[in-house]
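Notes follow once the structure below has been shown.
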Amino acid sequence: MNAKDLSAEDIKYLKLLAREFPTQAETFTEIINLQAILNLPKGTEHFMSDLHGEYEAFLHILNNCSGVIREKVEDLFFTLTDRERNELLTLIYYPKEKLDMMEKKAPLSETWGKQTLRRLLRLAKLLSSKYTRSKVRKAMSEVFRYIIDELLHAQPEEERNRYVYHAKILDTIWETGAFRPFVYSLTNLIKRLAVDHLHIVGDIYDRGPLPHKIMDRLMQHHSVDVQWGNHDVLWMGAAAGSVPCIINVIRNNVRYNNWEVLENGYGISLRNFTTFAEKHYTLPEKKGPLERAINVILFKAEGQAMLRHPEYNMEDRLLFDKMDLAKGTVQLPYGEFELNTHDFPTYDPEHPYDYSPEEQQIVEDWVRDFRNSEALQRHMKFFLSHGSIYKVMNGNLMFHGGVALTEDGEFREITVRGETHHGRAYMDYIDHLCRVGFRRRSEEDLDFFWFMWIHPDSPVSGRIIKTFERSYLDDESTWPEPQDAYYILHRKKEICEKVLHEFGLDSPQSHIINGHTPVKVSKGDTPVRAEGREICIDGGFCKAYQKSTGIAGYTLIFNSHGIRIKAHYPFKSIANVLENNADIDSRTTQVEQEPKRVMIADTDNGKNIQEQIDGLMKLLCAYRDGIIQEHPEKSKMPNK
């Protein structure tokens, strides 16, 4: 390259770049550094979906890095007994709790302490081998950064020559009482190095009791993204103040008897609602008064939204005004059916979608509580900053639900808010509307979040939701919920390849990774479909689904060697882990072996690094040809 190859725009850019690298020495030093990074193995990515508030199981899988740490410990310490390895693993997963428990039984011995430190350092050194020293150092606790760096990166010859020096460091850690915080720092480093990036492919919320704790933990994670699920978007709408979203959130938690997230997690009071339900819904029926009361408020709220938006084309779902309470029946589009309850104390046949005065007050109080919950607003802002409807990364396409298709596999045209789109453009448009709507919060914006939750045209839902039928009709023939054609066609390789191509992915190693529809392993279903082109990782973290799935969640692992999936079995409790050194049982299946080891140069980040190298090479050329002048006085490099 020479001066005549540089355009005016190139020179303008290079002058800006020269502010950060004001000399040739700094420029070629950075080129050497970046080129070296490109030749390291790619970091390990983990994918999880449909957590549904199951915090303890999620936390344990986060702590054991989906079993990866156990694999490393078994490879590295194969001479130890099973008991010794399990003790070490539990210490890594829960260092404070394990040390507390051990000290209650007997004082920790110095010999055990130093031996444990050496084992943790060996494991950390193994896991750090695929990263740059700079990246590993940044992952360390600031307090012990210098010491851990010194102990991890000594070369074998140095280790022999400096054995006494390193042994004295461990002596001093013990003698000064720094053992515990040093163990915390090492175990945190081990877990951080085992998983470079975490993807959550939707549905953190509802059913399980502690989604707010999952959100708190994700906000502390060093590298994470979230693809919004239908339950997540529902909570986004509730936080923004959408009444039908709020009522659906309350109903979901009433049905699963889950008060923790509402009252303790977000400060949403149910006291007035409970009093109201017990006062008015007094008949002895299978469903309790709270569920019957919330169902009535829900169908009023959703009916009002449908009437506000005829363009949603949901007239066939306006069913609350089709009830004949004298006959005890409801007229559906495909026949008359018997209701399973007569308990509608606030139902006015003349004005079926109007709230009673008490219901109106309850709804207004909930809108205020959801909008004013600081913790909830903080969590939803995290969704917006770290989340999206879909994500493309390192050859994989991630979304929670599906891409709207016609029955013959074409991308379906959908009109929303006056604009018509299909395929990727529709997903981009939906993502935009969610972001704008959460900030602006007009009535139309708020109703859009409910559309995302319930409408078959929603990419995170994709089905006709039969809440009314499932609530009020015992005839199960009315319950099936027709889905978008995607959920049938996604098992065909050519359809998945068409979807991947729409998102710019044409590699044979590209995949769709999604959740939303539980994989019923107990009935012979498999997460890997379409000849490996689609992987559904909804394995039933939620306890309510585990009977039908036969397992308790999946983790998909993508490292430099390929892709494998871990099927997890039900997790008992953290207390059981601490007391018995019990781990969660998991089964590993290799999905795909890479034809050659994937290096950072092969990743999206590698492409960005290569662009940086190309720019720096141009800058080096410009310095050497005298087009741009060096400024050694601005150099950050130390003077010789």
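Every value quoted in this text rests on a predicted model; they were computed, and no experiment measured them.
Judged by distance alone, the side chains of R70 and N64 never bring a donor and an acceptor atom under 3.5 Å apart. Checked by atom type, the side-chain pair N396/Q509 shows no donor-acceptor distance below 3.5 Å. With hydrogens and angles left out, the side-chain atoms of Y390 and D428 include a donor and acceptor closer than 3.5 Å. Donor-acceptor pairing under 3.5 Å is lacking for the side chains of T44 and D196. Using modelled atom types and a 3.5 Å distance limit, the side chains of N340 and K286 yield no donor-acceptor pair. Side-chain polar atoms of T478 and D475 form no donor-acceptor pair below 3.5 angstrom. With 3.5 Å as the limit, one finds no donor-acceptor pair spanning the side chains of D343 and T341. If you check the side chains of Y281 and R292, you find no donor sitting under 3.5 Å from an acceptor. In this structure, a donor-acceptor pair under 3.5 Å is present between the side chains of H199 and D225. Under the 3.5 Å distance criterion, with hydrogens and angles disregarded, no donor-acceptor pair is assigned to the side chains of H212 and N264.
Summarising the geometry of V460 relative to V233, their closest heavy-atom pair is CG2-CG2, 4.4 Å, with the distance given to 0.1 Å.
One finds no salt bridge joining E263 and R271 here, because no Lys/Arg side-chain nitrogen approaches an Asp/Glu carboxylate oxygen to under 4.0 Å. Remark: R424 does not engage D431 in a salt bridge, criterion side-chain N to carboxylate O under 4.0 Å. Using a cut-off of 4.0 Å between Lys/Arg side-chain N and Asp/Glu carboxylate O, D484 and R463 are scored as not salt-bridged. R529 has a carboxylate O that lies under 4.0 Å from a charged side-chain N of E534, or vice versa, which qualifies the two as a salt bridge. No salt bridge links K213 with E56; every basic N to acidic carboxylate O contact stays at or beyond 4.0 Å. Taking a cutoff of 4.0 Å between a charged side-chain nitrogen and a carboxylate oxygen, D457 and R412 qualify as a salt bridge. The pair D206-R255 fails the salt-bridge criterion, with no side-chain N (NZ, NE, NH1 or NH2) lying under 4.0 Å from an Asp/Glu carboxylate O. Between E592 and R564 there is no salt bridge, since no side-chain nitrogen of the basic residue lies less than 4.0 Å from a carboxylate oxygen of the acidic one. With respect to K391 and E45, no salt bridge is recorded, no charged nitrogen being found less than 4.0 Å from a carboxylate O. Between K572 and E579 no salt bridge is recorded (no basic side-chain N to carboxylate O distance below 4.0 Å). Salt bridge present: R368 and D365 bring a charged side-chain N and a carboxylate O closer than 4.0 Å.
A distance of 3.5 Å separates NE2 in H400 from CG in D203, rounded to the nearest 0.5 Å. In this structure, the separation between CZ on R440 and CG on D445 is 4.0 Å, given to the nearest 0.5 Å. Going from atom OG1 of T517 over to atom CG of D50 covers 8.0 Å, rounded to the nearest 0.5 Å. Here CG of N514 is found 9.5 Å from CD1 of I535. Values are rounded to the nearest 0.5 Å. For the atom pair CG (L51) and CG (L218), the distance works out to 7.5 Å, reported to the nearest 0.5 Å. Interatomic distance, I513 CD1 to F47 CZ, rounded to the nearest 0.5 Å: 4.0 Å.
Taking the six-membered ring for Trp and the full ring otherwise, F299 and Y472 have centroids separated by under 6.0 Å. If you look at Y93 and H60, their ring centroids are closer than 6.0 Å.
Residue K466 places its NZ atom among more than 12 non-hydrogen atoms of other residues, nucleotides or ligands, all under 6.0 Å distant. Other residues, nucleotides and ligands place more than 12 heavy atoms under 6.0 Å from the NZ atom of K287. For Q220, the CD atom is densely surrounded, since the number of other residues' heavy atoms within 6.0 Å is greater than 12.
Applying side chain to side chain donor-acceptor pair (under 3.5 Å) to T90 and the options D583, N63, N581 leaves one that passes, N581. When the options L384, L234, V201, I200 are evaluated for a side chain to side chain contact (heavy atoms under 4.5 Å, CB included) with W228, the one that passes is L384.
Below 30°, between 30° and 60°, or above 60°: for W235 and F370 the angle between ring planes is between 30° and 60°, a tilted geometry. Classified by interplanar angle (parallel below 30°, tilted 30° to 60°, perpendicular above 60°), the ring pair Y486/F399 is perpendicular. Ring planes of F438 and F449: perpendicular class, angle over 60° (limits at 30 and 60°). Aromatic ring pairs are classed by plane angle as parallel below 30°, tilted from 30° to 60° and perpendicular above 60°; the pair H231 and H52 is perpendicular.
Taking the side chain as every heavy atom from C-beta outward, L89 and N86 approach each other to under 4.5 Å. Between Q546 and I551, every side-chain heavy-atom pair lies at or beyond the 4.5 Å cut-off.
In this structure F451 satisfies the ring pair (Phe, Tyr, Trp, His ring centres under 6.0 Å) test together with Y312, F448, H455, sequence neighbours excluded. For H432, the side chain to side chain donor-acceptor pair (under 3.5 Å) test picks out no residue, with sequence neighbours left out.
Within the 3.5 Å criterion, the main-chain N or O of A238 finds no donor-acceptor partner in the side chain of S242.
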